[in-house]
Amino acid sequence: MSSSKPKKNPSTSRITPGADRRISSGNGNGSSPPRKQPATSKTQEATPEKPAEAVVPAKRRSMYENVMSQFNKAADLMRLDGNIRKILAKTENEISVNFPVKMNDGQVEMFTGYRVQHNDALGPFKGGLRFHPGVDRDEVRALAAWMTWKSAIVQIPFGGAKGGIQMDPSNYSPAELERITRRFTFALGSNIGPEYDIPAPDVNTNAQIMAWIQDTYLSTVPPTERQRNIHVVTGKPVVSGGSLGRDKATGQGIVFTIVEWAKDRGVSLEGLTFMVQGFGNVGSWAARLLVDLGAKLVAVEDVSGAIRNMDGIDPKHLSDYAQSHSGIRKYPDADRIDHIMLLKTQADVFIPAALENQITQETAPWLKVRLVAEGANGPTTPEGDAILQERKIDLIPDILCNSGGVTVSYFEWLQNKRNEVWELEEVDAKLRKKITGAYRRIRDVASDLETDWRTAAYVVALSRLETVYKERGIFP
Ligand code: GLU
């Protein structure tokens, strides 16, 4: 940030309700005594809020290396065609743009934004845009690849992409955020488009930001074409062409997968205890929907801190409290705990719904849960995965668990293309069908191949991609 005056705008958090997840973490090296973790969080599609204080670990592991380690394990197991393996191991296009924006004080600041397009064999590139200091090419590459697998798993006709701006949105006023968003959209130019690459909300971005992108993009097309291009983004406000149910979609999808798991395991949802890391859009919706089914929320962590009450926490009340008190930390109806106590809480289910690299060699041994349902993208490192498997803790992998967001994005895109408006019940029913179908495919592959669920999820995704490449061949 180049300009001199500190920028702090207390009203940023009003920008939009809703948020997804994000928590930042220790780097998972594992050996040392537990470091104090930034309690963090913010999930995708999040309301801009304050960042954690000590968040970015000194040395971050390469996220793309994590993706490749997951990918290679599945590719070996299923004997993925060697040529297709080469293609999928690389991203297709990587766009990075530096652009200037005038700040409220008249100074110009330069920003760096990215859009990485991993693969479009199954349909147009699709995936969110995040605004966060941790955004860099490696992270965006990893997130773009996860989008390719996610869309393949739920069988929607999209490829994978991701993008973002390396910035802390809580340092900017709403007017500055709007100018940054619009200038970024302009800089991306025809690298996005309704039939080519369709952004959506992600960490610290939301429906309002999608509306600014939509408006900027539409301003660059001839007036006669505008209406035909409104699906250039999804996750828009409903009146601007958004879908009912998109706001809660990621949380809803998580809950649908947990419901299936509970059925499979003969576990009752009534009284099922769970904890959530990240209380933005994803974490708070998942908590509310799960409590509606009779489950009990016992611990929560967000960017401000962590709390616990084994008698149960009311997620709706907590969400309202967090909006008006910049986080959950001082919530009066629960005890304040630290990050390590949170991870050591005894519960049936843990929903990491914040940042990546949370369940590591260091932290995985602490968990006292039966199931990890990954609301965040990439919350578990390969070392963390191995420990969960060894400890026989079930896992619903991110590329299945949080695929509800992109699934309802697809429904929104379809509604826009067809000039339709679907009822909420219709959206929910279609989402349930898609996500439970994917859950069962992965469960069956895991059992047939006697492998873990993440690897099974990759096998499901890669098989679909392998088929399409084999059908079409490689040009020329
Ligand atoms: N950002 C969300 C994700 O990681 C949603 C992407 C979309 O709707 O395109 O899945």
Report yes or no: is the cationic atom of Lys126 (NZ for Lys, CZ for Arg) closer than 6.0 Å to the six-membered ring centre of Trp413, at no more than 45° off its axis?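 Judged by the rule, Lys126 and Trp413 form no cation-pi pair.
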Within a strict 4.5 Å, meaning less than it, do heavy atoms of the [X] and [Y] side chains meet?
X	Y	answer
Val154	Tyr410	no
Leu367	Leu388	yes
Arg183	Lys102	no
Pro194	Ile230	no
Asn191	Asp197	no
Leu297	Phe274	yes
Trp149	Val67	yes
Asp292	Val255	no

More than 12 heavy atoms from other groups under 6.0 Å of CZ on Phe186: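 No, because the 6.0 Å sphere around CZ of Phe186 holds 12 heavy atoms or fewer from other groups.
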Take atom CD in Glu225; do more than 12 heavy atoms of anything else shown fall under 6.0 Å from it?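 Yes, the 6.0 Å shell around CD holds more than 12 heavy atoms from other groups.
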Please answer whether the main-chain N or O of [Y] pairs with a side-chain N or O of [X] as donor and acceptor at a distance below 3.5 Å.
X	Y	result
Arg329	Ala306	no
Ser403	Leu400	yes
Thr363	Gln358	yes
Thr381	Gly384	yes
Asp138	Tyr64	yes
Asn206	Ile209	yes
Gln252	Gly404	no
Ser69	Glu65	no
Arg179	Val101	no
Asn204	His132	no

[atom1]-[atom2] distance between [X] and [Y], expressed to the nearest 0.5 angstrom:
X	Y	atom1	atom2	answer
Leu290	Leu272	CG	CG	6.0 Å
Ser151	Ile399	OG	CD1	10.5 Å
Met210	Thr205	CE	OG1	4.5 Å
Asp394	Ile258	CG	CD1	11.5 Å
Arg137	Thr112	CZ	OG1	10.5 Å
Lys434	Ile156	NZ	CD1	7.5 Å

Is it true that [X] and [Y] make a salt bridge, defined as a side-chain N closer than 4.0 Å to a carboxylate O?
X	Y	answer
Lys150	Asp398	no
Arg130	Glu139	yes
Glu195	Lys417	yes
Arg432	Asp428	no

Side-chain donor-acceptor contact under 3.5 Å, Glu92 with Gln117: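 Gln117 and Glu92 do not have a side-chain donor-acceptor pair below 3.5 Å.
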Will you find, in the side chains of Ser219 and Thr216, an N or O donor that is under 3.5 Å from an N or O acceptor?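 Their side chains do not contain a donor-acceptor pair, so the 3.5 Å distance test is not met.
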Over all atoms of both residues, closest heavy-atom pair of [X] and [Y]:
X	Y	answer
Ala457	Pro397	CB-CG, 4.0 Å
Asp385	Arg454	OD2-NE, 2.6 Å
Leu129	Tyr114	CD2-O, 4.4 Å
Val135	Gln166	O-NE2, 2.7 Å
Leu431	Gly253	CD2-N, 4.2 Å
Tyr321	Ile328	CE2-O, 4.2 Å

Could you walk me through whether Tyr172 and Phe111 pass the ring pair (Phe, Tyr, Trp, His ring centres under 6.0 Å) test, one step at a time? CA-CA 13 Å; Tyr172 300 92; Phe111 292 86; 5.7 Å; yes
Determine the sole option in Phe99, Tyr217, Trp212 for which the ring pair (Phe, Tyr, Trp, His ring centres under 6.0 Å) test with Phe184 is passed.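 Only one of Phe99, Tyr217, Trp212 forms a ring pair (Phe, Tyr, Trp, His ring centres under 6.0 Å) with Phe184, namely Phe99.
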Taking side-chain hydrogen bond (donor to acceptor under 3.5 Å, both in side chains) as the criterion, tell me which of Gln214, Gln208, His231, Glu412 meets it with Lys236.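 One option only clears the test, and that one is Glu412.
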Residue from Thr257, Asn377, Thr407 passing side-chain hydrogen bond (donor to acceptor under 3.5 Å, both in side chains) with Asn402: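 Going through Thr257, Asn377, Thr407 one by one, the side-chain hydrogen bond (donor to acceptor under 3.5 Å, both in side chains) with Asn402 is satisfied by Asn377 alone.
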Might you work through the ring pair (Phe, Tyr, Trp, His ring centres under 6.0 Å) test for Tyr458 and Phe71, ending with a clear yes or no? CA-CA 7 Å; Tyr458 270 75; Phe71 170 83; 7.0 Å; no
Please determine whether side chain to side chain contact (heavy atoms under 4.5 Å, CB included) holds for the pair Lys162 and Val116, giving the CA-CA distance in whole Å, both sets of side-chain angles, and the decisive distance to 0.1 Å. CA-CA 6 Å; Lys162 201 74 150 209; Val116 171; 5.8 Å; no
